[in-house]
Enquirer: 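Questions regarding the structure given below will be posed in turn.
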Amino acid sequence: MTVPNTVRGARVLVVDDDHDVHALVAAMLRPLGVTLEHVYDGPQALQRLRQASYDLLLLDHDLPGRSGLDVLGDMRADLRLARVPVIMVTGSDSHAVLTACFAAGAQDYIRKPFFAAELRARASALIERQRLMLELVGAARRDRLTGLPNRAFLLEQLQRATREARRSAAGAFALMFLDFDRFKFVNDSLGHEVGDQLLREISIRLRDNLRAGDTVVVEDDGNTVARLGGDEFVILLPGVGDLVAVAAVADRLIEVLEAPYQLGPHVVRSSASIGIACNRGQYESPDDMLRDADIAMYEAKARGKNCWVLFSDAMRAEVERRHRLEVELRRAIEQEGLAIAYQPIMSLEDRSVIGVEALVRWTHPTLGAVPPADFIPIAEETRLIQPLADWMLRRACRDFRRWRETLGTLAPRHLSVNLSRVQLGDPGLVERTLAAVRSAGLAPEDLQLEVTESQIMASRGVGVAQLQALRDAGFRLAMDDFGTGYSSLSCLQEFPLHVLKIDRAFVANLRRGRDFAALVHAVITLADNLGLEVVAEGIEDISQAVMLQDLGCPYGQGFLLATPMPEAALVDWLTTGAEPASPEVLAAIAGSDSASDTRQVA
């Protein structure tokens, strides 16, 4: 007879108290090429089933002590044993008995005395069906690209490990959440085929470099290395509750994964950021533990990438705080609960106000004043920055138009607003900005748009093209925070700028030595040669203002000159002739002997 390959070599456990039945079954199934094992009562059967995996169970209904139905009941209570197909062997032709067998979990039955052809046919069919189902289930639980278990398989294993950890201290385990730091760059620059190859190589390194005790095995023993999707991988380390042991594994992985990858003609580096959560019985849900490991992974990225971070409750509290801020910020934008403060930009020569910078402010009813450093990054991550920026630009343009109409020559010459990274990548930025200034009755040259050098350099081609389009439309352009990003002095000629704003860090270091002063002087000289206006930011004391003027810096901004103020306060400040700073400050800037007074003026 022809025996299917899926049947040959299958493991079959025969459970019967009659030795003659064992001999008969062995003779009848020999042509199938299956491996038979024999036990003679229910407890022996359950013990053997828990020790090894079987493709089929031939189970006698009328066993002494615990019957075949009792054995089926015990098997159904165990998820792993419940997957083993069962042929119930019975000498009864009672429909009630057969119904009870199927109800207890048997897949088929055969009556004594049975014939060889019938037994072989039933056994062969059930084994084939079982192996096909296992293949289908295995395919559904594995990642097709890497061959690693997928999220569904991981959650099953994680659920099992979580139950074990809650039952016993010996069940403590750790979970590692890995994300690869430059995967998107590889995908975008070299293509998805190379990105897929990188993922396969990563999975191989994970398999090869996790020792057996670190759970590289991915079968039904509770050990899992899984791919969640994209460039995210998870490693389950059962029996590991000691931070020293977890750290050893994490350090080894960091070292192994940052080594170069040879992907065809390309050599690629892609380090990993790893978040770790340890379970000593405190977790009830696998999703909660996975979430916490994910939180720790993002903290690792925030700390500079290519490192690992152990989760702490403080991290979850911070995530919850940020989530609350996001919800409240969304509400504030919808209900126009934000405000604008204006900080003057002034001439260091004659103290005239040449412009004002619009700065968003948020005072929450219960949280109080929320610093921009807290909510602006959240706005950018969630893309709330777009509606926020649209509202701010419309409001600031209306204010500026009103100053022009009511203040005349006292009004600032231009209005300055900041562009975010998200806005700089918006293909509709020019049209949106033009619509805002025109609706307020302003000309494009009335508006100065500020971008940081890091924003431009993050996507240099797109950034420069967008800036050129804005300049062609008539807007003034300023590079903000110059000196904190990637560009060099020689790069300035490549950018279509009108204004260069020197970062406050340079201003703060002016008194530390000649080197800083020389650097600032070089920036001012080069900018002047390129036809750029220069504004020094963060001027906070008299000596800084005096040194900047001596170095040839024409304009300044900072708390010494004027603090950011609400629109009404700015109008009052401009119309009442209030000085931007004390007489001592003005005299010092002008070069009088009172320059020795270094008090800070708010």
Enquirer: Give a yes or no on whether a salt bridge exists between Arg66 and Asp41, defined as a side-chain N under 4.0 angstrom from a carboxylate O.
Expert: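 Between Asp41 and Arg66 there is no salt bridge, as every charged N stays at least 4.0 Å from the carboxylate O atoms.
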
Enquirer: For Asp231 and Arg182, run side chain to side chain contact (heavy atoms under 4.5 Å, CB included): C-alpha distance rounded to whole Å, both residues' side-chain angles, the deciding distance at 0.1 Å, then the answer.
Expert: CA-CA 10 Å; Asp231 59 335; Arg182 301 183 74 245; over 6 Å; no

Enquirer: Indicate yes or no: does Arg330 engage Glu326 in a salt bridge with an N to O separation below 4.0 Å.
Expert: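 Here Arg330 pairs with Glu326 in a salt bridge, since their nearest N and O are under 4.0 Å apart.
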
Enquirer: Between Gln466 and Leu424 (side chain of the first, backbone of the second, donor and acceptor by atom type, cut-off under 3.5 Å), is there such a pair?
Expert: yes

Enquirer: For residues Arg122 and Glu118, determine if any side-chain heavy atom of one lies less than 4.5 Å from a side-chain heavy atom of the other.
Expert: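 The answer is yes; the side chains approach within 4.5 Å.
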
Enquirer: Is a side-chain donor or acceptor of Ser67 paired with a backbone partner of Leu63 at a separation under 3.5 angstrom?
Expert: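 No; judged by distance alone, with no hydrogens or angles, the pair does not exist.
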
Enquirer: Do Arg142 side-chain atoms and Gly147 backbone N/O form a donor-acceptor pair below 3.5 Å?
Expert: yes

Enquirer: Report yes or no: do Asp481 and Thr452 form a side-chain donor-acceptor pair below 3.5 Å?
Expert: no

Enquirer: Is the side chain of Glu164 donor-acceptor paired with the backbone N or O of Ala172 at a distance under 3.5 Å, no angle test?
Expert: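 Checking the backbone N and O of Ala172 against the side chain of Glu164, no donor-acceptor pair under 3.5 Å is found.
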
Enquirer: Does atom CZ of Arg166 have more than 12 heavy-atom neighbours from other groups under 6.0 Å away?
Expert: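 Yes, CZ of Arg166 has more than 12 neighbouring heavy atoms, counting only those of other groups under 6.0 Å.
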
Enquirer: Check the surroundings of atom CD in Glu318: do more than 12 heavy atoms from other residues, nucleotides or ligands lie under 6.0 Å from it?
Expert: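 More than 12 within 6.0 Å, yes.
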
Enquirer: Indicate yes or no for a side-chain donor-acceptor contact from Arg48 to the backbone of Gln51 under 3.5 Å, with no hydrogens or angles considered.
Expert: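 Looks like no, no N/O pair under 3.5 Å.
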
Enquirer: Within the structure provided, determine whether Val309 and Ile274 are in side-chain contact (heavy-atom separation under 4.5 Å).
Expert: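 The answer is no; the side chains never approach within 4.5 Å.
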
Enquirer: So which of Leu36, Val21, Leu119, Leu13 actually passes side chain to side chain contact (heavy atoms under 4.5 Å, CB included) with Leu58?
Expert: Leu119

Enquirer: So His266 and Tyr261, ring-ring contact (aromatic ring centres under 6.0 Å, His included) or not? Walk me through it.
Expert: CA-CA 8 Å; His266 308 289; Tyr261 296 82; over 10 Å; no

Enquirer: Out of Ile87, Leu72, Val89, which one pairs with Leu59 under the side chain to side chain contact (heavy atoms under 4.5 Å, CB included) rule?
Expert: Leu72

Enquirer: Of all heavy-atom pairs between Met289 and Cys278, which one has the smallest distance, and what is that distance?
Expert: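 That would be CE-C, 3.9 Å.
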
Enquirer: Which residues pass the side chain to side chain contact (heavy atoms under 4.5 Å, CB included) test with His364, sequence neighbours left out?
Expert: Arg324, Glu328, Trp362, Thr366, Leu367, Val370

Enquirer: Is Asp16 salt-bridged to Lys112, cutoff N-O under 4.0 Å?
Expert: yes

Enquirer: Less than 6.0 Å separating the ring centroids of Phe233 and Phe180?
Expert: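 Ring-ring flag for Phe233/Phe180: true, centres closer than 6.0 Å.
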
Enquirer: Output yes when Arg291 and Asp287 qualify as a salt bridge under the 4.0 Å nitrogen-oxygen rule, no when they do not.
Expert: no

Enquirer: So do the side chains of Leu145 and Arg227 get within less than 4.5 Å of each other, counting heavy atoms only?
Expert: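 Leu145 reaches Arg227 side chain to side chain.
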
Enquirer: Report yes or no: does Glu255 contribute a side-chain atom to a donor-acceptor pair with the main-chain N or O of Arg252 at less than 3.5 Å?
Expert: no

Enquirer: Does the side chain of Asp179 come under 3.5 Å of the side chain of Ser273 through a donor N or O and an acceptor N or O?
Expert: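 No.
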
Enquirer: Can a donor-acceptor pair be found, under 3.5 Å and without considering hydrogens, that links the side chain of Glu232 to the backbone of Val234?
Expert: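 Checking the backbone N and O of Val234 against the side chain of Glu232, no donor-acceptor pair under 3.5 Å is found.
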
Enquirer: Can a cation-pi geometry be assigned to Arg280 and Phe173, taking NZ or CZ under 6.0 Å from the six-membered ring centre and within 45° of the ring axis?
Expert: no

Enquirer: Mark yes when over 12 heavy atoms from residues, nucleotides or ligands other than Phe185 sit less than 6.0 Å from its CZ; otherwise mark no.
Expert: no

Enquirer: Is the backbone of Leu190 close enough, under 3.5 Å, to the side chain of Asn187 for a donor and an acceptor to pair up by distance?
Expert: no

Enquirer: Suppose we screen for side chain to side chain contact (heavy atoms under 4.5 Å, CB included). Which residues come up paired with Arg11, at least two apart in sequence or across chains?
Expert: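 If we apply the side chain to side chain contact (heavy atoms under 4.5 Å, CB included) test to Arg11, skipping adjacent residues, the hits are Glu37, Ala52, Tyr54, Asp55.
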
Enquirer: I need the full list of ring-ring contact (aromatic ring centres under 6.0 Å, His included) pairs touching residues 296-318, with sequence neighbours left out, sorted by first then second residue.
Expert: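 Sorted pair list comes back empty.
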
Enquirer: Indicate the ring-plane relationship of His38 and His22, choosing parallel, tilted or perpendicular according to the 30° and 60° boundaries.
Expert: perpendicular

Enquirer: With respect to Tyr283, which candidate in Thr162, Asp288, Asp292 satisfies the side chain to side chain donor-acceptor pair (under 3.5 Å) definition?
Expert: Asp292

Enquirer: Check whether the ring centres of His61 and Tyr109 lie less than 6.0 Å apart, and answer yes or no.
Expert: no

